[in-house]
Undergrad: 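The structure's right below; bear with me while I get my questions together.
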Amino acid sequence: MMRVIQESRLAAYLKDRRSKLDSAALGYPQRRRRTPGLRREEVAQRAHISATWYTWLEQGRGGSLPPKCWHVSPTR
């Protein structure tokens, strides 16, 4: 039960943070986006994880983040 709660909190956090990232400020081309922020694939690339795994994390079914992702800067 506790793991499910933690995964859903992580999922909510990741979605919130992704929506607040400015794609132009991070060097991505200006193009039409259906939702604000970066695409999942762009976040995954910056975090050095697969887009599939990032999607699972954001959906609350991917487990926890590996230590290599804890300190990834949004400007990296």
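All residue numbers in this chain count up from 1 along the given sequence. This one's a predicted model, so the numbers in the text were calculated from it and none came from an experiment.
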Undergrad: Can you name the side chain to side chain donor-acceptor pair (under 3.5 Å) partners of S50, sequence neighbours left out?
TA: none

Undergrad: List the steps, then state whether side chain to side chain contact (heavy atoms under 4.5 Å, CB included) holds for E58 with V43.
TA: CA-CA 11 Å; E58 203 174 86; V43 175; over 6 Å; no

Undergrad: With sequence neighbours left out, which residue pairs that include part of residues 28-38 fulfil the salt bridge (Lys or Arg N to Asp or Glu O under 4.0 Å) condition?
TA: R33-E42

Undergrad: Under the rule for side-chain contact (heavy atoms from CB on, under 4.5 Å), what residues qualify as partners of A12, not counting sequence neighbours?
TA: none

Undergrad: The criterion is side chain to side chain donor-acceptor pair (under 3.5 Å); which residues satisfy it with Q59, sequence neighbours excluded?
TA: R61

Undergrad: For R46 and L26, which heavy atoms make the closest approach, and how far apart are they?
TA: NH2-CD2, 3.7 Å

Undergrad: Atom CZ of R9 and atom CG of L14: how far apart are they, to the nearest 0.5 Å?
TA: 12.5 Å

Undergrad: Mind checking the CG-OH spacing from L57 to Y54? Nearest 0.5 Å is all I need.
TA: 8.0 Å

Undergrad: With sequence neighbours left out, write down each residue that passes side-chain contact (heavy atoms from CB on, under 4.5 Å) with A11, or none if nothing qualifies.
TA: none

Undergrad: Can you list the residues that meet the side-chain contact (heavy atoms from CB on, under 4.5 Å) rule with A24, with sequence neighbours excluded?
TA: D22, Q30

Undergrad: Could you list the residues that satisfy side-chain contact (heavy atoms from CB on, under 4.5 Å) with Q45, not counting sequence neighbours?
TA: Y28

